[in-house]
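Contents: one structure, followed by commentary.
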Amino acid sequence: MQKRNEGNIPKRTRFYQALVDSPMLKSGERGFDNLRPTVIIVICGFDLYGYGKYRYTFENRCLEDLTLPLGDDCKKVILNTKGNNKNEVESNLVDFLNYIENSEDESISECCDERLKNLHNKIRQIKSSVQIGVEYMKMEERDRLIREEAMQQGLAQGQSQGETRMAKLVLELTQKQRFSDLERATLDEGYRRKLFKEFGI
């Protein structure tokens, strides 16, 4: 599930395919008969390709003859919650993608798929469960703490690297007796970057 386009989703599907395939074969196994057919599905809250389709299905085909599939039993499906081609896809898929976009009670119509109604009921139960709510808050808090710790580590590392770079620049300029450049570098960030580049720091 991707709410925002933050990376190369097509190549991510290639990575996911490797993750799915690798456990199917034992180490040293000869032949590939144990590789079962796979479908990688990514649900996007945006239209990755811009054609307004709810579903984009990909499989490997021969470029010289597009009617000839490779036969690797591997498909990638990119689902788009912002599609507008209702007449080309199953209504239950449209209902599901609309539900992903808006999972409130009013988004469940009487005529929608029973599986979607069951899913919505399960989600309501989960949301109303005190224990799940507490666990969710713990997860949120843990994730927040992890992010803050990573940010602090990143800031400390960045500060250390910045100090090291500046010390090297001061040494270079002092050895070359370029004192006016040194003074300017302490006040002018753009000029400082230029000097970093000049000295390969």
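Owing to the predicted nature of the structure, the values given are computational and were not obtained by experimental measurement.
Taken from CG in Leu169 to CZ in Arg192, the straight-line distance is 8.5 Å, to the nearest 0.5 Å. Note that CG of Asp95 and NZ of Lys117 are 10.0 Å apart. Values are rounded to the nearest 0.5 Å. Between the CG atom in Asn80 and the CD1 atom in Ile78 there is a gap of 10.0 Å [rounded to 0.5 Å]. To the nearest 0.5 Å, atom CG of residue Asp21 and atom CG of residue Asn34 are 12.0 Å apart. With rounding to the nearest 0.5 Å, the separation of CG in Leu68 from CG in Asn60 is 11.5 Å.
Val77 and Met1 fall within a single hydrophobic cluster, where Ile, Leu, Val, Met, Phe, Trp and Tyr are joined by side-chain heavy atoms under 4.5 Å apart, directly or via other members. Under a hydrophobic clustering in which Ile, Leu, Val, Met, Phe, Trp and Tyr are joined whenever their side-chain heavy atoms come within less than 4.5 Å, directly or via other members, Leu70 and Ile40 fall into different clusters. Taking hydrophobic clusters as Ile, Leu, Val, Met, Phe, Trp and Tyr residues chained together by side-chain heavy-atom distances below 4.5 Å, Phe32 shares a cluster with Val20. If you chain together hydrophobic residues whose side chains sit under 4.5 Å apart, Met166 and Leu171 never meet in one group.
The ring-ring contact (aromatic ring centres under 6.0 Å, His included) pairs that include a residue from residues 52-90 are Tyr49-Tyr56, Tyr49-Phe58, where partners are two or more places apart or lie in different chains. Note on residues 43-72: pairs passing salt bridge (Lys or Arg N to Asp or Glu O under 4.0 Å), not counting sequence neighbours, are Lys53-Glu88, Arg55-Glu90, Glu59-Arg61.
In terms of the side chain to side chain contact (heavy atoms under 4.5 Å, CB included) criterion, residue partners of Glu163 (sequence neighbours excluded) are, by chain and number, Gln159. Applying the side chain to side chain contact (heavy atoms under 4.5 Å, CB included) rule to Asp188 yields the partners Arg184, Tyr191; only residues at least two apart in sequence or on another chain are considered. Take Asn8 and apply the side-chain hydrogen bond (donor to acceptor under 3.5 Å, both in side chains) test, not counting sequence neighbours, and it matches no residue. Looking at residues two or more places apart in sequence or on another chain, you find a side chain to side chain contact (heavy atoms under 4.5 Å, CB included) between Gln153 and Glu149. For Phe199, the ring pair (Phe, Tyr, Trp, His ring centres under 6.0 Å) test picks out no residue, with sequence neighbours left out. Applying the ring pair (Phe, Tyr, Trp, His ring centres under 6.0 Å) test to Phe96 and every residue at least two apart in sequence or in another chain returns nothing. The side chain to side chain contact (heavy atoms under 4.5 Å, CB included) test applied to Arg115 returns Asn92, Asp113, not counting sequence neighbours. For Glu172, the side-chain hydrogen bond (donor to acceptor under 3.5 Å, both in side chains) partners two or more places apart in sequence, or in a different chain, are Lys176.
The closest side-chain heavy-atom distance from Leu35 to Cys74 is not below 4.5 Å.
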Please walk me through it: do Leu182 and Val170 pass side-chain contact (heavy atoms from CB on, under 4.5 Å)? CA-CA 7 Å; Leu182 178 57; Val170 168; 3.7 Å; yes

Take Phe196 and Lys168, measure what side-chain contact (heavy atoms from CB on, under 4.5 Å) needs, and give me the verdict at the end. CA-CA 9 Å; Phe196 283 145; Lys168 287 180 181 177; over 6 Å; no

Verdict with supporting geometry, Arg193 and Glu189, side-chain contact (heavy atoms from CB on, under 4.5 Å): CA-CA 6 Å; Arg193 281 199 302 264; Glu189 184 181 346; 3.0 Å; yes

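Side-chain atoms of Arg165 come within 3.5 Å of backbone N or O of Ile201 as a donor-acceptor pair. Distance alone, capped at 3.5 Å, places no donor-acceptor pair between the Ser160 side chain and the Ala156 backbone.
In terms of heavy atoms, Leu48 sits closest to Pro10 at CD2-CD, 4.3 Å. The shortest heavy-atom contact between Gly45 and Thr81 is CA-OG1, 3.2 Å. In terms of heavy atoms, Cys44 sits closest to Ile9 at SG-CD1, 3.9 Å.
Other residues, nucleotides and ligands contribute at most 12 non-hydrogen atoms within 6.0 Å of the NZ atom of Lys86. Under a cut-off of 6.0 angstrom, the local environment of CD in Glu198 is crowded, with over 12 non-hydrogen atoms contributed by other residues, nucleotides or ligands. By the 6.0 Å contact criterion, CZ on Arg14 is open, its count of non-hydrogen atoms from other residues, nucleotides or ligands being 12 or less.
Apart from Leu66 itself, the hydrophobic cluster it occupies contains nothing, where clustering links Ile, Leu, Val, Met, Phe, Trp and Tyr at side-chain heavy-atom distances under 4.5 Å. Residue Met151 belongs to a hydrophobic cluster whose other members are Leu155, with links defined by side-chain heavy atoms closer than 4.5 Å.
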